[in-house]
Amino acid sequence: MPPLLEVKNLKKYFNTKGGMLHAVDDISFTLDAGKTLGVVGESGCGKTTLGRTILHLLDVTSGQILFEGKDITYPKKKELMKLREDMQIIFQDPYSSLDPRQSVKETIMEPLLIQGKLSKAECEKKAKELMDTVGLAARFENAYPHELDGGRRQRIGIARALALGPKFIVCDEPVSALDVSIQAQIINLLLDLQESLGIAYMFVTHDLSVVKYISNDIMVMYLGQMVEKASSDELFANPIHPYTQALLSAIPIPDIHNKTKRIILKGELTSPINPKPGCRFRPRCIYATEECEQPQVLTEPLPNHFVACCKCSELLNNRRNTQ
Ligand SMILES: Nc1ncnc2c1ncn2[C@@H]1O[C@H](COP(=O)(O)OP(=O)(O)OP(=O)(O)O)[C@@H](O)[C@H]1O
Ligand SMILES: [Mg+2]
């Protein structure tokens with residue numbers, strides 16, 4: 001069986017005044033049905049662009065996207081309609097992604113009405129079922145987004161994304177705009193839905209403790225490129241790339257005996273516009289040498305653990321010697 005989603009050497013460049021902006025630059029991964037790929041990396045590294053390109057909300061520059069083994073890189077109009085059923089997105093800010101003039105029921109019904117397979121009464125019935133699925137009380141069906149709190153608004157976004165029965169959802173920072181107390185409720189709802197409906201997620205987040213909790217695999221991005229990918233447990237146990245190490249060192253650990261030092265990144269951020277070949281993390285990396293000016297190749301220093309860093313064997317040996 002082919003994986004649900006296979007992304008091969010995907011590139012998305014934007015033509016800007018300053019030159020070609022390499023927002024997503026040669027990303028490859030596979031995702032199986034019912035699994036979660038966490039995507040982490042600092043602001044502007046291309047996480048949203050990657051998600052939106054896979055969903056065809058942006059045109060592909062080059063590379064290939066396969067869904068259930070079928071090439072969907074350049075879909076025809078009819079194929080795109082079908083893909084809108086199979087692949088959906090949940091946005092960071094539920095407020096700005098919802099139409100303020102539509103009630104809860106109308107918002108959830110809209111994709112079903114556009115799809116045109118059900119009568120209006122059937123769409124209404126389905127919308128009410130979806131409200132129940134995402135834990136929105138029936139009394140809110142005629143409410144408007146501004147009358148609800150952030151958690152309930154995000155539940156509307158989730159219900160709308162579920163309406164057409166997708167197999168894959170890009171969750172783009174779905175809880176970062178919510179109060180901490182509500183974040184866990186929404187995360188648990190997404191996990192319950194995954195278990196009952198078998199949906200695969202690409203989960204984009206800044207929050208590393210969340211990503212550890214929910215992901216099977218984690219991809220670390222830096223300026224449009226994948227610098228490291230491994231299973232969640234493996235990545236947290238053995239971060240190899242210097243950028244991943246810095247990122248993980250920033251997670252507060254509730255243990256006074258833990259002496260892990262936070263790595264503060266210094267040096268300038270490389271521009272994503274017309275980047276030079278070689279490691280993009282180089283100006284901020286304490287291990288960088290001339291060797292890092294060569295293009296970096298993705299290697300597999302440990303089973304199913306991929307790293308794009310020419311120093312990775314050295315870094316692994318150093319770690320073994322200090323452990
Ligand atoms: N439509 C666009 N036109 C030109 N440049 C764009 C466009 N959309 C995104 N970019 C640029 O592409 C790069 C990646 O942006 P993107 O929004 O994907 O990053 P991100 O990782 O999602 O960041 P954040 O964590 O802040 O959401 C950035 O340099 C951004 O300025
Ligand atoms: Mg983003």
Side-chain angles (χ1 to χ4, degrees), residues 5 7 9-29 31 36-63 65 87-98 150 153-154 157-158 161 168-178 183 186-187 190 201-212 214-215 217-229 235 241 243-244 246-248 250-251 265 267-276 279-284 308:
L5 176 69
V7 170
N9 308 102
L10 190 68
K11 294 186 184 177
K12 174 64 194 174
Y13 293 175
F14 293 108
N15 209 343
T16 67
K17 269 190 199 149
M20 208 48 107
L21 191 151
H22 294 217
V24 171
D25 210 358
D26 205 6
I27 297 278
S28 303
F29 67 87
L31 179 61
T36 299
L37 172 73
V39 179
V40 297
E42 67 200 325
S43 185
C45 73
K47 306 178 295 293
T48 296
T49 306
L50 174 63
R52 294 179 73 93
T53 309
I54 294 169
L55 297 187
H56 292 98
L57 299 170
L58 292 167
D59 294 334
V60 172
T61 302
S62 70
I65 307 168
M87 301 175 145
Q88 277 294 326
I89 186 163
I90 299 168
F91 297 96
Q92 169 175 7
D93 182 354
Y95 200 52
S96 63
S97 63
L98 298 173
R153 285 200 289 255
Q154 192 55 296
I158 296 171
F168 169 64
I169 301 182
V170 172
C171 304
D172 192 355
E173 304 260 9
V175 297
S176 38
L178 303 177
Q183 287 187 1
I186 297 294
I187 295 282
L190 290 170
Y201 295 135
M202 182 177 131
F203 200 103
V204 170
T205 180
H206 278 104
D207 189 334
L208 289 155
S209 32
V210 167
V211 88
K212 183 180 184 193
I214 58 156
S215 309
D217 286 338
I218 297 178
M219 177 197 311
V220 182
M221 283 181 75
Y222 189 81
L223 278 179
Q225 297 182 318
M226 175 163 106
V227 294
E228 188 156 5
K229 187 173 93 75
L235 191 92
H241 197 285
Y243 177 61
T244 313
L247 211 56
L248 299 195
I251 309 174
L265 291 175
E268 58 181 296
L269 194 67
T270 306
S271 166
I273 299 175
N274 303 328
K276 291 193 199 96
C279 177
R280 291 182 192 169
F281 185 59
R282 176 172 93 231
R284 298 166 88 185

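For this chain, numbers begin at 1 and follow the sequence in order. Order of listing sets the numbers, starting from 1, for every ligand and every atom in it.
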Any heavy-atom pair between the side chains of [Y] and [X] that's under 4.5 Å?
X    : Y    : result
V39  : V211 : no
L235 : V220 : yes
T16  : I273 : yes
F281 : V227 : no
Y243 : L265 : yes

Hey, which protein N/O/S atoms does the Mg ion (ligand 2) have under 2.8 Å?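 Metal shell, protein only: T48 OG1.
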Give a table of atom pairs where an N or O of ligand 1 lies under 3.5 Å from a protein N or O.
| from | atom 1 | to | atom 2 | distance (Å) |
| --- | --- | --- | --- | --- |
| ligand 1 | 18 (O) | T49 | N | 2.9 |
| ligand 1 | 18 (O) | T49 | OG1 | 2.5 |
| ligand 1 | 19 (O) | G46 | N | 3.3 |
| ligand 1 | 21 (O) | C45 | N | 3.2 |
| ligand 1 | 21 (O) | G46 | N | 3.0 |
| ligand 1 | 21 (O) | K47 | N | 3.0 |
| ligand 1 | 21 (O) | K47 | NZ | 2.9 |
| ligand 1 | 22 (O) | T48 | N | 2.9 |
| ligand 1 | 22 (O) | T48 | OG1 | 2.8 |
| ligand 1 | 23 (O) | G44 | N | 2.8 |
| ligand 1 | 25 (O) | K47 | NZ | 2.8 |
| ligand 1 | 25 (O) | H206 | NE2 | 3.4 |
| ligand 1 | 26 (O) | S43 | OG | 2.5 |

What pairs of residues pass the salt bridge (charged side-chain N to carboxylate O under 4.0 Å, His left out) test when at least one of them lies in residues 46-63, not counting sequence neighbours? none
Anything under 30° is parallel, anything over 60° is perpendicular, the rest tilted; go ahead and classify Y13 against H22.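 Rings of Y13 and H22: parallel, as their planes differ by under 30°.
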Listed partners of R153 passing salt bridge (charged side-chain N to carboxylate O under 4.0 Å, His left out), at least two apart: none
Are the side chain of Q154 and the backbone of F91 linked by a donor-acceptor contact shorter than 3.5 Å?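 Yes, Q154 side chain to F91 backbone: donor-acceptor pair under 3.5 Å.
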